[in-house]
Amino acid sequence: MSDTTLSTPHPAASDAEAARRRLRRQSLLFASLFSLLLFGLSLLLIAWRVEQVLVTLTQDRTDRMVRQLAEDGENAMRLGLTVGDLGFLEAQMARLAQREPSLRMARVASTDGQVVARYGDAALKDAVAPRWDARLLADASAPVAPGKEAREAPVAERTTPTHVLGGTVLLDPAGVPAATVWAVFDPTALRRQARDAGLTVVLRALPLVLVSLAVIWAVLYLWGWQTVRMLQPSLSSAASSSTRERGVPRWALVLLLAGVLAAPLALVGIAREAARPFVTTQIEANADAVLAAMAARIERAVQYGVPLNALNGVDALFTEQLAAAPELSGLSLRDASGQKVAQAGGTGSGTAASDAGGVLERTRALAGTDARMVVSYPADYVDRTLGAMLVDLFLALVISAVLMRELTRGLWRRSLLHPLMEYRAARGWQRFAARVRRRRGHEAGSGAEGTAAAAAQRARALLGWTSASDVATGTAATVSPAAADWGVQMTRLRLAVFLVALSEELLRPFFTVLASEMAGPGSGWSPEMLAGIPVAAFMATFAAAQPMGPWIARRFDIRLSLMLAAIAGAGALAASAWVHEASLLVLLRAIGGAAYGLALILAQTAVVRFTPQAQRARGLTEVATAIVAAGIVGPPFGGMIAGRVGDSFGMVACALAMLLAFAALLRLRLPTVAVNPPAAGSAAARGGWRGYAAVLREPRAMTIILGSAVPARLVAVMVLSIVVPLYMHDIGQPPAVAGRVLLLYFLCYAMTASLMAHWSDAAGERRRFIVAGCVIAGAACLAVPLLGGLWGMAACCALLGAGQATQSPSQIAMVTEVFEKKPPQQRLATPEQAIAAYRLIERLGSVAAPFVTALAILWAGLAGALSVVGLAVALAGAAVWFGLRPVATRATVPGAAA
């Protein structure tokens, strides 16, 4: 193995000291940036999660108030009253406002929009959007599926920048929607509590931030200076006389890194305890609200002269109330002697403290009697509620780390630390490639040496240690300025791709709700149809845009085309926030799908055109991991934005992300000459649809696409979009747990893809990675029937992410290499056309996945369907192994398949 350490004149002591000071400053800069961004973003997500828990507990209480209004109206209509006679509910609204200070307005409106009862701030009379009423009425009018019993209308929850609304439908005696009931609440007090909890976390976590900053600075500086001494051995000999410059023991670095990892975990514990008093207050308020509601009903009966021991149906009433309040464990009515007149659930001793059974109780005296109401809830309910937050708080740290990496990537690449880290990594891959060459007997994977030499030269140039004599004597590595600049441009391109993908991932938590509330072209359109058609339009135009990418790239500037796509996508997203017609939303989503598809295929075309073949897998992985990073970051922040300001403003936030991508593209400067262009006059140079036909006729390319890419897409859509939600529902897990399980796929993909891309480039052998990915994906599908339950599905998602990260970089790189390694005059398709055809055909797996999944589930059930698909994917991998057997005439080409 040749050493990439370059022979240069020894730097003077002043130069070495200047390099040390520069490294120290940059280490401090990035330590500060990393610490502040990591903890700042984490605190933002933690504060939002605390607020979300508080709002959820409050909405449990306010939803019961809305249902109580609807029930009072329904009971009145059973006695013969009409919708126009429900004005008496205003007095009930006033009583509810006394019990719930956050209630600002409540109103009951008939199906034709006429308000029959209203209480509260008149300025909020238009706070309820007409489309929300229409969605409530449409849901209530939908026919009940065969075999299912009709249930009471659920309470719908909506958010505006200043208020939280809850609404439901009031049914007449025949079960037909007669009116809608809405209540508007002010979340200011809850948000203030969340801010107070966040401030407490900030003050308690400040020492952790400072400690983390110091540790990260020490690690970066000491590690960086050690790498500098590897580049210039003379510094090591000069440092031997100074104890201040001795190397750092490895155990000390491990200890420092352990401290950095422990600090965020301590932050999670701090946040949990900071939220405890506020969560306790909300649970107690929920218990008091139930006491007040039940006590009011019993007091009215007593006022009418009914003795307590003659009350009928109280046990059933209590049981119904407990079913609507899962945080409570028992309700009881007790007389003056403490005897239980009526009871539902389990109750304690009747004191305000915890009894031997671990139950906390709240009591309320009944007016006009010596009796009292007692409500109980488990003493550990607060702990269980906070315990459920722990996973979310930890995920907030992971999401913050991913976002921090994307936002600081450009600044990192311009620093001295980046080439130093790249040099160390390249030396490791260089040693690995040397072992591969010794084992295989040829020079595959030689790109690692060039990467190490390029990183060494960049580091020396930044240090000012490369002199003219180095170039004259040939001791300096010769790296093309264009190749060096492409790394910077690749970082800018990745940031643009991340922001483009983020614009779509942000809307994932709320778009279907927004679309389902649009006005359809006719009365026969269900909310599910209204939600599904815009998604189908987006996917159709997204797929149709793939072949257009190479055509546009040949005729127009790629950077300008990317900018126009970003502007079109931003305009479509912004306009979607204000439309109310389903047809307009479908049109806008179709435009957005075309813009999104063009942006991604143009970015991949740029990577294929300007990235050397030896680094092709790594370059394409940059695009893929940027999209995956957006998938990790987008949904939590999208849910946070929609939860604070509503879904319309959430669409505006998506448009802003696309505009940020446009701003990132303004600084993009792509090379003017491709790395390996087709020969002038060849069929590939002329382009056109004949190139795509050539891809379809190429056996090796179609083996990769049909044997690996399409099955991979099919199993990913099947598991992530269909099987996980259904399976988790079947085993009784809530949607929040299903979301955490899905996140494992993206995390494992993000952590594995870059490693596998480097490994594939260093080994120069793609076939084994493609087949290994298919085998791992097959094993992922078998994990569910073998392990079962939550852990089986978690293993399935994690293994599937690792498997797809293993095969994806290699299969997409090999598709382009099939045509690129041919002589220029014999190329019938460009690598850009190959990747466009690959992406288009790959989408067939997305289209076929719902149908294949439905048939497989009907035939073998959920677990059996996964087993069948897993075995099919593994067999497809075996077919790829034989279909991509080495060809003698191609075996000497670097980067050959096998």
Side-chain angles (χ1 to χ4, degrees), residues 55-56 58-59 62-70 73 83 86 89 93 102-142 151-171 176-187 507 509-521 523 525-532 534 576-585 638-639 641-652:
V55 168
T56 299
T58 303
Q59 284 178 339
T62 57
D63 287 353
R64 290 193 286 270
M65 293 181 179
V66 173
R67 279 303 316 161
Q68 183 178 342
L69 284 174
V83 174
L86 297 180
L89 290 176
M93 296 173 184
S102 65
L103 179 63
R104 293 292 178 265
M105 192 273 290
R107 68 111 167 114
V108 178
S110 61
T111 54
D112 58 2
Q114 181 180 0
V115 176
V116 297
R118 180 192 296 134
Y119 171 84
D121 190 353
L124 297 175
K125 62 179 181 178
D126 297 326
V128 180
R131 59 187 174 93
W132 298 343
D133 268 337
R135 174 62 190 273
L136 279 179
L137 295 172
D139 287 344
S141 302
R151 297 182 302 173
E152 65 178 18
V155 177
E157 297 164 354
R158 297 293 183 268
T159 303
T160 67
T162 54
H163 295 93
V164 175
L165 297 87
T168 189
V169 174
L170 191 154
L171 304 176
V176 177
T180 58
V181 181
W182 283 94
V184 181
F185 301 92
D186 185 0
L507 60 80
F510 61 86
F511 177 76
T512 53
V513 175
L514 175 69
S516 66
E517 295 171 348
M518 294 290 121
S523 58
W525 292 71
S526 67
E528 291 76 14
M529 294 174 63
L530 293 174
S576 300
W578 313 115
V579 300
H580 302 289
E581 298 290 334
S583 56
L584 291 177
L585 185 63
I641 294 170
R644 287 300 299 265
V645 297
D647 46 16
S648 294
F649 286 96
M651 295 298 296
V652 174

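Treat the numbers as computed from the prediction; the structure is a model and nothing was measured.
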Item checked: Rounded distance (nearest 0.5 Å) linking atom CD of E157 with atom OG1 of T62 ->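 So the gap between those two atoms works out to 7.0 Å.
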Margin query: To the nearest 0.5 Å, what is the distance between CG on D63 and CD on Q68?
Written below: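 With rounding to 0.5 Å, CG (D63) is 13.0 Å from CD (Q68).
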If I compare all heavy atoms of [X] with all of [Y], which pair ends up nearest, and what's the gap?
{"X": "A179", "Y": "V83", "value": "CB-CG1, 4.3 Å"}
{"X": "S576", "Y": "M651", "value": "CB-CE, 3.5 Å"}
{"X": "P177", "Y": "V169", "value": "CB-CG1, 3.7 Å"}
{"X": "T168", "Y": "R67", "value": "OG1-NH1, 3.3 Å"}
{"X": "L136", "Y": "A156", "value": "CD2-CB, 3.7 Å"}
{"X": "A577", "Y": "V652", "value": "CB-CG2, 4.0 Å"}

Check [Y] with [X], please: is the shortest side-chain N to carboxylate O separation under 4.0 Å?
{"X": "R104", "Y": "D186", "answer": "yes"}
{"X": "E581", "Y": "R131", "answer": "no"}
{"X": "D647", "Y": "R135", "answer": "no"}

Taking the side chain as C-beta and beyond, is there a heavy-atom pair between [X] and [Y] under 4.5 Å?
{"X": "I641", "Y": "F510", "answer": "no"}
{"X": "L103", "Y": "M65", "answer": "no"}
{"X": "Y119", "Y": "M105", "answer": "no"}
{"X": "F511", "Y": "P534", "answer": "yes"}
{"X": "R158", "Y": "W182", "answer": "yes"}
{"X": "V55", "Y": "T58", "answer": "no"}
{"X": "T111", "Y": "L137", "answer": "yes"}
{"X": "T159", "Y": "L165", "answer": "no"}

Next item on the list: Using only heavy-atom distances, determine whether the side chains of D133 and T180 contain a donor-acceptor pair under 3.5 Å.
Entry: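 The criterion, which ignores hydrogens and geometry beyond distance, is satisfied for T180 and D133.
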Note to self: Test of understanding: with side chain to side chain donor-acceptor pair (under 3.5 Å), list the residues that count as partners of S110, not counting sequence neighbours.
What the structure shows: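 By the side chain to side chain donor-acceptor pair (under 3.5 Å) rule, S110 matches D112.
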Next item on the list: Using the test side chain to side chain donor-acceptor pair (under 3.5 Å), find all partners of R118 that sit at least two apart in sequence or belong to another chain.
Entry: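 Expected list: none.
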Check: According to the interplanar angle, ranging from 0 to 90°, do the rings of F649 and W578 count as parallel (below 30°), tilted (30 to 60°) or perpendicular (above 60°)?
Finding: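 Answer is perpendicular, since the angle exceeds 60°.
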Note to self: If the condition is side-chain contact (heavy atoms from CB on, under 4.5 Å), which residues does V579 pass it with, not counting sequence neighbours?
What the structure shows: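 Testing V579 for side-chain contact (heavy atoms from CB on, under 4.5 Å), a comparison that skips the adjacent residues, returns M518, L584, L585, L588.
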